[in-house]
Amino acid sequence: MSTAETPSTIAVLPIISGLSLAFTVTAVDPLILSLNMPQISRALDVPPDVVGFLGGAATLVVAAAVLAVGSLGDAFGLKRLLMLGLVGDIVVNLLSALSPGYMFLLVMRLLDGLALAAMLGVSLALLKASVPAERRPAAIGIFMAIEMVLCGVTPAAGGWLAETLGWRWLFLVAPLLSLIALGLTARYVTEPPVQQRRGVDVVGVSLVGLALLTLVHGIAEAENGITRIEAWLPLVISAITGVLFVFHERRTPEPVLELSLFRSGAFTVAALSSLTLNFAVAGFSFVLGQFGSVILSLPPRTIGLLFLPGTLLIAGAVILAGHLIEKYTPRPILITGLLLLVASGLLMAATAEPTMALWILVLATWLTNLGSLVASASVAETILSHAPPGKSGAVASVQPAFGMTGYALGPAVYLLLLNLFFQRQWLNDADARGMSATQAEQAVDATRSAMARSPGTAGYDPNLLRQSGLDLGLDFTNGLRLTMLVTSLLPLALAVAAYVLMPRRSRTAPQDRPE
């Protein structure tokens with residue numbers, strides 16, 4: 001395609017908008033549910049040990065299925081699969097609004113995970129197929145900016161709906177966005193040529209799902225002791241399953257994950273960065289909810305509003321990042337985004353206090369969102385540039401597969417570290433006050449188990465903070481500081497890897513030629 005024939009970014013804006021809306025629904029749908037889970041769990045009498053699984057059911061299905069979705073899209077049509085996912089999301093959410101009990105809602109969440117996987121797995125692949133390579137970085141910037149604006153507005157909108165009209169109205173937000181995305185996709189997006197494939201790598205997908213589920217379960221159980229069989233057995237199964245997955249993918253003729261892609265240092269860094277970004281965002285959101293609601297006594301709607309300030313600035317920054325990637329390379333933008341995540345973690349590690357100013361939380365949230373979105377634009381461009389003709393879906397699905405894995409692991413790992421450091425703090429506190437470890441453990445046992453059963457929704461009882469004889473508010477805050485300090489090392493390590501392994505000069509890859 002010559003320069004004269006290349007459409008402008010404005011000309012493909014309806015395509016970008018439709019695909020970005022579909023992509024954004026995969027974030028908005030579970031986010032609104034998680035932020036309003038207390039109201040839903042009370043209304044449907046959800047048992048405490050089911051709340052966490054109910055909130056994360058769709059996310060786990062997405063993480064396990066999204067690789068298969070990319071291959072299916074290449075074989076049967078990317079546009080067709082995206083539209084099927086959008087229709088599925090509309091139907092499932094409307095049925096969810098009529099839930100008579102929590103088991104019905106749980107089934108709907110599992111089905112919604114399949115719909116969200118279809119939307120997440122092919123949105124970026126269709127962007128690659130629909131937008132010329134030279135316009136793609138700018139298109140990705142707009143794509144991510146639309147996501148940022150909606151993710152900043154919908155938490156507050158969802159909180160308002162739940163408080164004024166009731167929790168059932170929450171399930172109308174995602175269908176509305178999906179309906180608009182469906183109309184734009186049907187009207188403006190063209191179906192790329194399909195590639196005949198032998199079928200989906202069912203064995204590979206099953207191994208990925210088993211490895212992820214057992215890993216998350218093992219990490220969650222490890223907070224009660226890594227030597228317990230409930231903790232180490234799932235972790236061992238996850239490790240064995242991961243090895244079997246690699247062995248299988250190297251031998252199967254139609255792998256769900258092309259391992260040869262990881263011979264490229266840039267691709268490997270981009271994939272691991274996708275995992276790290278979502279890991280940090282999910283983990284930060286988890287500790288923000290716990291710290292804000294219990295230690296700072298902030299209502300849920302106020303916590304949701306922490307995501308709103310600076311939304312338009314972040315959207316503008318992401319659009320600028322897309323233009324800079326187009327002009328230079330993804331390398332400096334990715335490093336900048338990762339370092340912003342480091343800055344957010346270090347800010348919390350340095351300033352977290354039981355009486356800290358609200359504006360510091362706003363700044364930390366803003367830095368997290370800014371860093372994750374800016375870096376995501378670089379990750380998307382790097383991964384899409386490695387997709388050969390006919391395999392856009394399979395390659396593009398690597399980013400959401402790694403991203404959703406990080407999203408599933410984030411709360412579990414942050415919770416493990418938070419409880420580990422918190423325990424160390426209250427034991428030291430008890431020792432300084434002349435209390436035995438048994439007495440101190442009795443004071444915090446109920447609150448610790450409450451967090452383990454329903455992370456992100458049931459926090460530490462404020463009465464225990466005041467009446468236990470320990471300064472648990474300060475102990476928890478110090479545990480939070482250490483958690484944020486340790487987790488900041490991961491994006492820092494990825495920033496160093498990006499500096500070393502990613503190309504410094506722009507180059508046109510063979511796979512970026514018109515298909």
Side-chain angles (χ1 to χ4, degrees), residues 124 128 133 136-141 143-145 147-148 257-284 314 317-347 366-387 395-407 409-410 413 484-509 511-512:
L124 284 171
K128 179 184 187 298
R136 190 171 62 227
I140 290 174
F143 184 100
M144 296 295 178
E147 180 193 11
M148 180 64 244
L257 179 61
E258 295 282 354
L259 297 180
S260 60
L261 291 168
F262 292 90
R263 295 172 185 167
S264 164
F267 185 91
T268 301
V269 169
L272 292 177
S273 295
S274 181
L275 187 151
T276 300
L277 298 174
N278 287 272
F279 172 85
V281 169
F284 177 81
I314 295 176
V318 176
I319 294 175
L320 176 61
H323 286 290
L324 292 176
I325 294 169
E326 183 179 293
K327 184 176 182 180
Y328 302 105
T329 69
R331 177 175 174 266
I333 310 303
L334 177 58
I335 293 173
T336 300
L338 289 168
L339 291 179
L340 286 171
L341 283 177
V342 175
S344 175
L346 294 180
L347 177 63
W366 185 79
L367 286 172
T368 297
N369 291 334
L370 177 62
S372 64
L373 268 295
V374 166
S376 291
S378 294
V379 168
E381 169 59 20
T382 301
I383 288 179
L384 290 178
S385 68
H386 284 77
V395 176
S397 64
V398 171
Q399 179 177 359
F402 274 73
M404 295 309 290
T405 299
Y407 200 88
L409 289 175
V413 174
M484 299 306 298
L485 181 63
V486 170
T487 53
S488 297
L489 297 177
L490 186 56
L492 180 61
L494 262 295
V496 174
Y499 181 83
V500 174
L501 297 177
M502 296 187 74
R504 298 167 183 257
R505 295 182 177 83
S506 178
R507 60 186 182 191
T508 302
Q511 47 266 53
D512 274 343

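All residue numbers in this chain count up from 1 along the given sequence. Note that the structure is a prediction, hence the values are computed from the model and not measured.
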S488 side, atom OG; L338 side, atom CG - distance, nearest 0.5 Å | 12.0 Å
Between atom CG of L261 and atom OG1 of T268, what is the distance when rounded to the nearest 0.5 Å?
-> 8.5 Å
Which pair of heavy atoms, one from A138 and one from E326, lies closest together, and at what distance?
-> CB-OE1, 3.4 Å
L340 and G371 have their tightest heavy-atom pair at CB-CA, 3.7 Å
Interatomic distance, CZ@F279 vs OG1@T487, rounded to 0.5 Å, equals 6.5 Å
Nearest 0.5 Å please: distance from the CG atom of L373 over to the CD atom of E147.
-> 5.5 Å
Shortest non-hydrogen contact from S378 toward P330 = OG-O, 3.2 Å
Is T382 close to V269 at the side-chain level, that is, under 4.5 Å between some pair of heavy atoms?
-> no
Which pair of heavy atoms, one from I325 and one from E381, lies closest together, and at what distance?
-> CG2-CG, 3.8 Å
T368 and L341, any side-chain heavy atoms less than 4.5 Å apart = yes
Working to the nearest 0.5 Å, report the span between CZ of R331 and CD1 of I335.
-> 4.5 Å
Hey, which of L320, L324, V318, V379 is the one that makes side-chain contact (heavy atoms from CB on, under 4.5 Å) with I333?
-> L324
Nearest 0.5 Å please: distance from the CE atom of M502 over to the CG atom of L334.
-> 5.5 Å
For T329 and P503, which heavy atoms make the closest approach, and how far apart are they?
-> OG1-O, 3.8 Å
Only one of S372, S344, S376 passes side-chain contact (heavy atoms from CB on, under 4.5 Å) with V281, and that residue is S372
Mind checking whether F262 and F402 have parallel, tilted or perpendicular rings, split at 30° and 60°?
-> tilted
